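Below: the structure, in structure tokens.
Just so we're clear, the structure is a prediction, and the values are computed from it rather than from any experiment. Sequence lines set the chain letters: A, B, ... in the order given, protein chains first and strands last, and positions in each chain run from 1.
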Amino acid sequence: MHTLIGEIIESRTAEFVAEAVRYDQVPAYGSFVRVMDGELRVYGIVSGAYTGSLDGMSKAKAFFKSIDELKMEQPQIFELLRTEFSCVVVGYAQDGRYHPYYPPIHLSLHLPVEKADDDEILTISQHLGFLEKTLNSPAGNGEELTAAAIRMAARFHPDPREYIVRAGRELLKMLNYDTQRLKSILERVDIA
Amino acid sequence: MRGTILRGSLSGGLEVRLDIGENIEEVKVGTFCVVEGRTHDFFSMVVDEDIEAANPKAFYETLSDNSLLNEVVRGTGIIDKVKIQPMIAIRREDGRVQPVKSIPSYLSRVREAREEDVFKIFGRPDRTHFHVGSPLDMDHIPVCIDLKKFIERSNGIFGKSGTGKTFYTRIMLCGMIKSGLCNVLVFDMHSEYGWEGEDEDETRKKAKGLKQLFGSKVAIFTLDPESSRNRGVHPDFVVEIPYRSIEAEDIVMVREELNLNPTALEVIYVLQKHLGQDWLITFLNMDAFAIEEFAERTGAHAGALQALQRKLFKLQKLPFIKENPADDAVERIMQYLDSGMNVVLEFGHQRSMLAYMLVANILTRRIHELYVKRSERALGGMQGNNTPLVIVIEEAHKFLSPELSRQTIFGMIAREMRKYNVTLLVVDQRPSGIDPEVLSQLGTKIVALLTEEKDIESVLCGVNNARMLRNVLASLDTKQQAIIMGHAVPMPVVIKTRTYDETFYKEITRDEDGAFSRGPMAGHKQAFGSPAGNYGVDELPPGKEFEDLMKELYGI
């Protein structure tokens, strides 16, 4: 049972943008998504989201009322909203095998975006190469995104702390052994 | 210990990055480890350890409050590093042992040595491979010394006082006697090798001497029969030194003990020249008139002669120096040695350096002469028996100091090595006092803890990679730990020496086929289950052969 969460409206090799099914249903920042493109299953990590007017030109107007009041009084304004979210591409699977690098062809438009399954997330996050892609995310929020992705992935591992330590070690190398930056990332990962 | 080769050089040793999760605190300097290269296994020793950061900034950031970060950084950003020195290489293909002429490739795996590695390098215990101890933290694995090689050259046992030199010596003596590869002659200054010695271990108190362990293979000679008797030892022979066997060179050797100046030494040569073999006793018996007459006759200075005579009177106080001894000690020693026995000469109360050096020098000189003749005859194919002799001397720096080593017989033996089948086993606590030339000639060195910089330097002289071993030497335990290096071991190794206890006694007295060499006595002891070392007056001491007992009881 696949949960559709969006449709691709913009696609590059390294990232894609999808429009959410509903304006108020966005996948969590740093969560893992999947796009089926023919034989390929391409995986991405949600790297940001944006909600705005449907036409992209006009701006929403402030009403100074609670959401519930607005829904009662002005239900139509919600119909004019749309949400987009962007994802960094981290790898793809073909014939049951996962490849932790970009697919040979970038994704086509209008493909459905789904949440990745638990075991898929486990597989993807085993390959710590995804950290490099989150760290260098085009949106420029690499450290934040990396922390979020580790936080998300750790939950799917039997020993989350051990996973974070392993990811941290990989990260330290990517950061050219800059412990200060590593510290700032790990402080955002801290799980109870 | 597990890790990978990080970097290194042939001259400077290799650096090993410890695997994540390994505890550097558990890796001790001196540990025996193996680098598994692509085609060779490199047997190495841990010589140093340190902590390194890939990015030095990491050291200065406060990490302690973030345990997660600490865990991540440890082993990645900040690594535990062990420095090892490869000592020997084995080609895996054919098992050939080679000196290290290359280094293992980058990222070669490093692990602690295992039992089979130790055997591969040091051999398995057998008649000529003597188990002396085990590598650090590998308690039950025997490290063996190749005794054949050991006795080929002069050897040294060094260590600060209280580090167990006597025990190492005892263990090596046991090994040599048991192997039957050589005879030993021990100048036993403190009378601790023959019958029994002190054991600092409270539970044991007494350490068995060679006679107790080897019975008829060992003869105890004494300079002080009274002291021997008081200790319950029945010496095989009482050594007396005739005046006529004391030569000028013997006096030169003990010049410090006699407080002689260079002029006095010259006078001695004059005396010997004019008075011949009996110079000493004749000189000591001269009265003032005779001295003056002698001075006139020879042109020597009468005052100097008188002063010398006063100083030489000290020799008369040594009770073992006799005008006409009943028996010739050297001949007796040779007899015993020739019949394959080993001789321990106890000094009893005569433990002054004067007595020790004088006797050791006189006896050794003559024994050496005999061995030289014997070797020459053996070379000519005239005599079969030419078993090597190992002479054990203590306080060796007195005999082998740079000033004396060229003149004394000991210096000569140490230098000429095995040519004449006589080698030394020198035991000393101040190796820096020994002539460096002699030290560098020593084949195998067993070195316990030394702290004095000079001493460390001198024992390492003539050793490959000496710089690397320095740390190892300085970090040995004060007890039961020693580093063995040199001719008789393929590579230097730090060992925990064997304990000199009941187990050792049993093993050393057991024949190769498993039987006890002194079956009846051992059986007797076991049958009565008498506690070790606690023999009543009437009870037979262990290790006494029938002949010994007969000699004691009936004097035959």
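Atom NZ of B/Lys57 is separated from atom CG of A/Asp178 by 4.0 Å, given to the nearest 0.5 angstrom. The structure places CD of A/Gln180 at 9.0 Å from CG of B/Leu69, a figure rounded to the nearest 0.5 Å. Between the OG1 atom in B/Thr76 and the CG atom in A/Leu182 there is a gap of 9.0 Å [rounded to 0.5 Å].
Within 6.0 Å of the CZ atom in B/Arg109, the count of heavy atoms belonging to other residues, nucleotides or ligands exceeds 12. Residue A/Glu73 places its CD atom among more than 12 non-hydrogen atoms of other residues, nucleotides or ligands, all under 6.0 Å distant. Summarising the local packing, CZ of A/Arg82 is surrounded by more than 12 heavy atoms from other residues, nucleotides or ligands at distances under 6.0 Å. Taking a 6.0 Å sphere around CZ of A/Arg188, one finds it holds more than 12 heavy atoms contributed by other residues, nucleotides or ligands. For CG of A/Leu70, the number of neighbouring non-hydrogen atoms (other residues, nucleotides, ligands) closer than 6.0 Å is greater than 12. The neighbour count for B/Lys81 NZ, taken as heavy atoms of other residues, nucleotides or ligands under 6.0 Å away, is above 12.
Nearest approach of A/Tyr177 to B/Gly77, heavy atoms of both residues: CD2-CA, 3.7 Å. Nearest heavy atoms, B/Glu71 versus A/Arg161: OE1-NH2, 2.8 Å.
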Inset, instruction - Starting from the C-alpha separation in whole Å, work towards a yes-or-no answer on side chain to side chain contact (heavy atoms under 4.5 Å, CB included) for A/Leu172 and B/Val73. - result: CA-CA 8 Å; A/Leu172 187 56; B/Val73 171; 4.3 Å; yes
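Using a 4.5 Å cut-off between heavy atoms, A/Asn176 touches chain B through its backbone atoms (N, CA, C, O) alone.
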